[in-house]
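Okay, structure first, notes after.
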Amino acid sequence: MLRVNQVKVRPGHSDSDLKRSAAELLRVPKQDIMALKIIRQSVDARKKPEIWFRYSLDVTVRDEEKVLRRFRGKENLVCRTQQNEYRFPEAGKARQTWPTVIVGTGPAGLFCGYFLALHGYRPILLERGKCVEERCRDVEEFWEKGRLWTGSNVQFGEGGAGTFSDGKLNTLVKDRDGRNRVVLDTFVKFGAQERICYDAKPHIGTDVLLGVVKGMREEILRLGGQVHFESQVTDVEVKQGHITGVIVNGNWRIDCRQLVLAIGHSARDTFAMLHKRQIPMEAKAFAVGLRVEHPQDMINENQYGAADPGSLGAASYKVAARAKNGRGVYSFCMCPGGYVVNASSEEGYTAVNGMSYSGRDGVNANSAVIVTVTPEDYGESGPLAGIAFQRQLERKAYEIGGGRIPVQRYEDFRRHVTGNDRDGNPDGMEIRTRYEDNDVVKRSGQREGLGIIPQCKGGYQWADVDRILPEACNLAIVEGMEAFAAQIRGFNRPDACLSGVESRTSSPVRILRGEDMQSKIRGLYPCGEGAGYAGGIMSAAMDGIRAAERIAAEYTPGI
């Protein structure tokens, strides 16, 4: 089988068109191609509005050796396919006497539990929140009525924080062992579209991800595992430097010798408990910022040369810059055709995130514009200093928004931060900065005289968003917005909507572990985003699989 790269086809092509283009590149008759599999698809918009799809394909062709000789020295175009099949390790020699306990059912915990169950182990998964069906009802009630359930919300519950996002599956993690592919294959097995396995920027969408999460839970149960909801680990037991048990909801004890900590980045009370129990951890750098909304048509026009890109779907972007104060400022968790969501998990604090459904058909695009912060910015010391810093920002956001999502036009934000008025209007727009009441109709992304209308899940309030972040972060965001306008025309348009605060980008804490993935407390396996070892759905899922591998390599199923 041959790996064939840089096969170009127009959007809207047929399977026959793709096969013909592959044959032309290989310089063989079309009928000589016996099988073809898409490995990767990306969009080439460098000469927009002329758009191409570029493919990497695995092709079975007659007289393979002859074709390979033809492309000797051009292995970047055609080479022999290198199989990178995932293999779960052989079971270790020690027999398990108690089931592995996994704390959290986000991507790390869910994939750890699924792979252990798949190979004969019977893990116990503990989730402080509710099952995804009940969680959805609680989240919708919060967005519609403002009633927050602190144990069941955008942050807590089956599926983790990524469930109410775009379901983006990008990762920068090198996939030498095939874990990336097996995660994607697992998502497809439980209901995701097959295209996520080859799309250069794969996404599932919140609506589809809900069903995938439920399907994985049901399979874990069928294989003999246990999943307990509304079951928060309130204490851990350690004897002679080894985990011996956990306490759930303050009164239920479970014996265990392998405890996987796949807690989310918002499990602040759990971090406090672990710190009290002297589990080694440290404060780490992360990033904070604001959500910015633009019309999706504007992004499409910039990226593809057409406001309606047809089969290409809503366009995305990725931008980055370095501010004069040395801080990195960049887009994060970009949601084409999406919504800004109230992602709060504590009473009296407001945090936001972005979300798209699988169709990505909302009128606005949104992305976080975030700035790097380090322990030196937190104002106090200790492993939990980053959490205290987050809370300060979220408390301000809550106060200025009156419990709703605070929103501000970019022109006002820029003017307040810099103290300067922009000379002229580079986009030629006549925008009245007139702030409407919250009952304004949100059916369209732009209305006469109003500019962009925020597309939010949860109520929003026009407010001075510039009061939330430290001055250094505000200045970096303004510099970033102006720099990004050189790449995406209109990025700094006066009526762009900024909302805040985006404070849950990643964990502010790292629970320390060694090369064997265990803490100094033996039997304790910190993993995933909350523990500080991942940065999204894919990397968290892969880290969960690694934890399952470590446990399986040492123990054989015995329960």
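The first residue of the sequence shown is numbered 1, and numbering continues consecutively from there. Since the structure is predicted, the reported quantities are computational estimates derived from the model, not experimental observations.
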- Task: Give a yes or no on whether the backbone of Leu126 and the side-chain of Ser231 come within a donor-acceptor separation of less than 3.5 Å.
- Result: no

- Task: Side-chain contact test, heavy atoms from C-beta onward, threshold under 4.5 Å: evaluate it for Lys520 versus Leu512 and give yes or no.
- Result: no

- Does CD in Glu219 sit with more than 12 non-hydrogen atoms of other residues, nucleotides or ligands closer than 6.0 Å? yes

- Query: Are any side-chain N or O atoms of Ser344 and backbone N or O atoms of Ala351, one a donor and one an acceptor, separated by less than 3.5 Å?
  - Reply: yes

- Query: Pick from Thr105, Asp269, Thr234, Thr150: which one makes a side chain to side chain donor-acceptor pair (under 3.5 Å) with Arg128?
  - Reply: Asp269

- Met538/Val183 under side-chain contact (heavy atoms from CB on, under 4.5 Å): CA gap, chis, key distance, verdict: CA-CA 7 Å; Met538 288 299 295; Val183 170; 3.6 Å; yes

- Task: Kindly compute the distance separating CD1 (Ile279) from OG1 (Thr270), expressed to the nearest 0.5 Å.
- Result: 12.0 Å

- Item | Greater than 12 external heavy atoms within 6.0 Å of Gln487's CD | yes

- Task: Decide yes or no on side-chain contact (heavy atoms from CB on, under 4.5 Å) for Gln6 and Arg54, but give the supporting numbers first.
- Result: CA-CA 6 Å; Gln6 300 185 33; Arg54 285 188 180 269; 3.9 Å; yes

- Message: Within the 4.5 Å heavy-atom criterion, are Val329 and Glu479 side-chain neighbours or not?
- Response: no

- Cation-pi check, Arg40 onto Tyr198 ring (under 6.0 Å, within 45° of axis): no

- Donor-acceptor under 3.5 Å (Asn366 side chain, Val292 main chain): no

- Message: Nearest 0.5 Å, please: how far is CG in Leu57 from NZ in Lys37?
- Response: 11.5 Å

- Message: Would the distance check show the side chain of Thr374 and the main-chain N or O of Ala285 forming a donor-acceptor pair, the cut-off being under 3.5 Å?
- Response: no

- Distance-minimising heavy-atom pair for Val465 and Leu290: CG1-CD2, 3.6 Å

- Classify the ring geometry between His119 and Phe115 as parallel (under 30°), tilted (30 to 60°) or perpendicular (over 60°). parallel

- Task: Using the side-chain contact (heavy atoms from CB on, under 4.5 Å) rule, take Val132 and Arg217 through it: C-alpha gap first, then chi angles, then the decisive distance, then the call.
- Result: CA-CA 10 Å; Val132 73; Arg217 175 234 304 167; 4.1 Å; yes

- How many angstroms lie between CD in Glu127 and CD in Glu158, if you round to the nearest 0.5 Å? 7.5 Å

- Item | Side chain to side chain, Glu529 and Ser506, heavy atoms closer than 4.5 Å | yes

- Side-chain H-bond candidate by donor/acceptor type, Gln96 with Arg122, under 3.5 Å: no

- Item | Shortest non-hydrogen contact between Gly157 and Arg135, atoms and distance | O-NH1, 3.4 Å

- Message: Set out, in order, the CA-CA distance, both residues' side-chain angles and the distance that settles side-chain contact (heavy atoms from CB on, under 4.5 Å) for Phe142 and Asp138, then state yes or no.
- Response: CA-CA 6 Å; Phe142 173 53; Asp138 292 340; over 6 Å; no

- Message: Tell me whether Thr505 contacts the main-chain N or O of Ser503 through its side chain, where contact means a donor paired with an acceptor under 3.5 Å.
- Response: no

- Query: If you measure from CG on Asp516 to OH on Tyr525, what distance do you get to the nearest 0.5 Å?
  - Reply: 7.0 Å

- Can any side-chain N or O of Ser507 pair as donor or acceptor with the backbone N or O of Gly530 at less than 3.5 Å? yes

- Rounded to the nearest 0.5 Å, how far does CZ of Arg257 lie from CH2 of Trp98? 3.5 Å

- Query: Within a strict 4.5 Å, meaning less than it, do heavy atoms of the Asn5 and Asn76 side chains meet?
  - Reply: no

- Looking at side-chain heavy atoms only, is the closest gap between Tyr378 and Val373 below 4.5 Å? yes

- Task: Check whether NZ of the Lys or CZ of the Arg Arg513 lies under 6.0 Å from the centre of the six-membered ring of Tyr533 and within 45 degrees of that ring's axis.
- Result: yes

- Backbone of Glu230 reached by a side-chain donor or acceptor of Asn249 within 3.5 Å: yes

- Kindly indicate whether the side chain of Pro508, heavy atoms from C-beta on, has any atom under 4.5 Å from the side chain of Phe389. no

- Message: Run the salt bridge (Lys or Arg N to Asp or Glu O under 4.0 Å) test on Asp255 and Arg253 for me, step by step, so that the C-alpha distance in whole Å, both residues' side-chain angles and the decisive distance to 0.1 Å come before the verdict.
- Response: CA-CA 7 Å; Asp255 270 318; Arg253 184 183 183 279; 2.6 Å; yes

- Item | Least distance between heavy atoms, Gly120 atom then Pro557 atom | O-CB, 3.4 Å

- Query: Minimum heavy-atom separation for Arg550 to Glu515, with atom names?
  - Reply: NH2-O, 2.8 Å

- For the pair Tyr121 (side chain) and Tyr555 (backbone), establish whether a donor and an acceptor sit closer than 3.5 Å, ignoring hydrogens and angles. yes

- Query: Does Tyr357 offer a backbone N or O that forms a donor-acceptor pair with the side chain of Arg360 under 3.5 Å?
  - Reply: no

- Query: Can a donor-acceptor pair be found between the side chains of Asn153 and Ser345 at a distance below 3.5 Å?
  - Reply: no

- Message: Taking Gly178's backbone N and O only, do any of them form a donor-acceptor pair with Glu85's side chain (distance below 3.5 Å, no angle check)?
- Response: no

- Start with the C-alpha distance between Phe111 and Phe187, add both sets of side-chain angles, then the distance that settles ring-ring contact (aromatic ring centres under 6.0 Å, His included), and finish with yes or no. CA-CA 10 Å; Phe111 272 83; Phe187 281 136; 5.4 Å; yes

- Message: Just to verify, which of Glu380, Glu347, Glu346 counts as forming a salt bridge (Lys or Arg N to Asp or Glu O under 4.0 Å) with Arg391?
- Response: Glu346

- Message: Taking NZ in Lys214 as the centre, count heavy atoms belonging to other residues, nucleotides or ligands within less than 6.0 Å. Is the count above 12?
- Response: no

- Item | Pairwise side-chain contact, Arg504 with Glu394, heavy-atom cut-off 4.5 Å (strictly under) | yes

- Note on the structure: Pro89 and Ala552 have their tightest heavy-atom pair at CG-CB, 4.4 Å

- Note on the structure: Gly544 and Cys527 have their tightest heavy-atom pair at CA-SG, 4.1 Å

- Contact check, side chains of Glu134 and Ser152, non-hydrogen atoms, under 4.5 Å: no

- Ser266 OG to Phe156 CZ distance, which is reported to the nearest 0.5 Å: 5.5 Å

